[in-house]
Structure formats: structure tokens, C-alpha cells
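Notes to accompany the following structure.
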Amino acid sequence: MTRVLSLWTVLFFLGAGMLLTAVGSVNCEAGQPAKVEILFMNHGPMHPTIRNLKALLQRYPGKVQAGWFDFDQQSGKSFMSHKGITGHIPLLIFVNGSHTFDMGGRKVTFMGFPSGAGPYQYQGKWSLQDLEGVIQSLTR
């Protein structure tokens, strides 16, 4: 019995540790909304993803401060210059200044279309659930 309890205790702490590392090195001060900055190409194939992102962010009123930067507009060009972005990127999402996170030992970069959305060659290896996990960890 002691051995089983020890195993469950170890599994609990491993799971808790993975959850704590899910936010990477991103900090969010108490009471401050998470800052989500989205650089996007306002082209037809991206529209369903944009709608899904807006729906996701609307579930966190007052907890998320979203900034939208259209790749083809001056605001997008200024944002890219400020962040040092020079490539042709359909979608890039920063959460509190970072776009890459450790999600339980899996490195997730919020770049390109989410997996399964948009043209295959532009799909990233992330999901809306990954993004929501980061947001949830910052807005509790």
C-alpha cells in the first residue's frame, strides 16, 4: 500500500510540475490581464482561424488584452519592425511577449495556422487548445 501511495504522490508532483512549466518563462502580475498580440495576414484562408481566435479570447473578458496587427497594414509593419520580424508569416501570436512555450515537455510555437487549419504547408504544430492552456494558466 505504501508503494502505491508513493507512486501516486510522485505522479501528482510530476503532473503539477508539468502544469507549472506550461507557461514557460512568461510572467503575469496579479490583477494584470494577459497580453496577447496577434500578427496576421487578413487573407481568405486565415478568416476561419481569426474567427476562432476571437471567439477564444472573448471567453476571457477583462483577463486578456488583445492586440491585432494586420500584416499588410502600417500597424502590422510597425509591429513587425518592433519585434524584429522579417519573414512572410501568415500568423504569429505572442502571449506576454513570448511566442514559444514549454507545454509539459513539448515545445509549442504559436506560428502559422493551427494544426489542421489552412493550407498544409503553412500549418504550425499548435492548436487553439494549446493557446487556451497558456491563457488559462495566466488568468487564474
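These numbers were taken from a predicted model, which means no experiment stands behind them.
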Could you pull out every donor-acceptor pair under 3.5 Å between side chains of residues 106-114 and any protein atom, sequence neighbours left out?
| residue | atom | partner | partner atom | Å |
| --- | --- | --- | --- | --- |
| R106 | NH2 | D130 | OD1 | 2.6 |
| R106 | NH2 | D130 | OD2 | 3.4 |
| T109 | OG1 | T100 | OG1 | 3.1 |

What one should report as the nearest heavy-atom pair of M46 and P90 is CE-O, 3.3 Å
Nearest atoms (heavy-atom pairs only) where R140 meets S137:
NE-CA, 3.8 Å
Look up atom CD1 in I38 and atom CD1 in I50, then write down how far apart they are to the nearest 0.5 Å.
6.5 Å
Please identify each residue that fulfils side chain to side chain donor-acceptor pair (under 3.5 Å) with K63, with sequence neighbours left out.
none
Check whether any side-chain heavy atom of W126 lies under 4.5 Å from a side-chain heavy atom of I93, and answer yes or no.
yes
Heavy atoms of Q65 and P33 approach each other most closely as N-CB, 4.0 Å
Enumerate the side-chain hydrogen bond (donor to acceptor under 3.5 Å, both in side chains) contacts for residues 48-58, please, sequence neighbours excluded, ordered by first and then second residue.
none
For S115 versus K125, what's the shortest heavy-atom pair and its separation?
OG-CA, 3.6 Å
OG1 (T139) and CD (E132) are apart, to the nearest 0.5 Å, by 9.0 Å
Any side-chain heavy atom of H47 sitting closer than 4.5 Å to one from N42?
yes
Within the structure provided, determine whether V64 and L138 are in side-chain contact (heavy-atom separation under 4.5 Å).
no
Closest heavy-atom pair, L128 versus L56, reported as atoms and distance to 0.1 Å, is O-CD2, 4.1 Å
Would M103 and L92 show up in the same hydrophobic cluster when neighbours are defined by side-chain heavy atoms closer than 4.5 Å?
no
Salt bridge (charged side-chain N to carboxylate O under 4.0 Å, His left out) contacts touching residues 89-101 (sequence neighbours left out)
none
Mind checking whether I135 and L53 sit in one hydrophobic cluster, side chains of I, L, V, M, F, W, Y counted as touching below 4.5 Å?
yes
Show every ring-ring contact (aromatic ring centres under 6.0 Å, His included) that has at least one partner inside residues 53-76, sequence neighbours left out.
F40-W68, F69-F79, F71-H88
Given the rule that I, L, V, M, F, W and Y join up when any side-chain heavy atoms are under 4.5 Å apart, are F94 and F101 in one cluster?
no
Kindly state each residue pair satisfying salt bridge (charged side-chain N to carboxylate O under 4.0 Å, His left out) with at least one member in residues 66-88, sequence neighbours excluded.
E37-K83
Within the 4.5 Å heavy-atom criterion, are M41 and L91 side-chain neighbours or not?
no
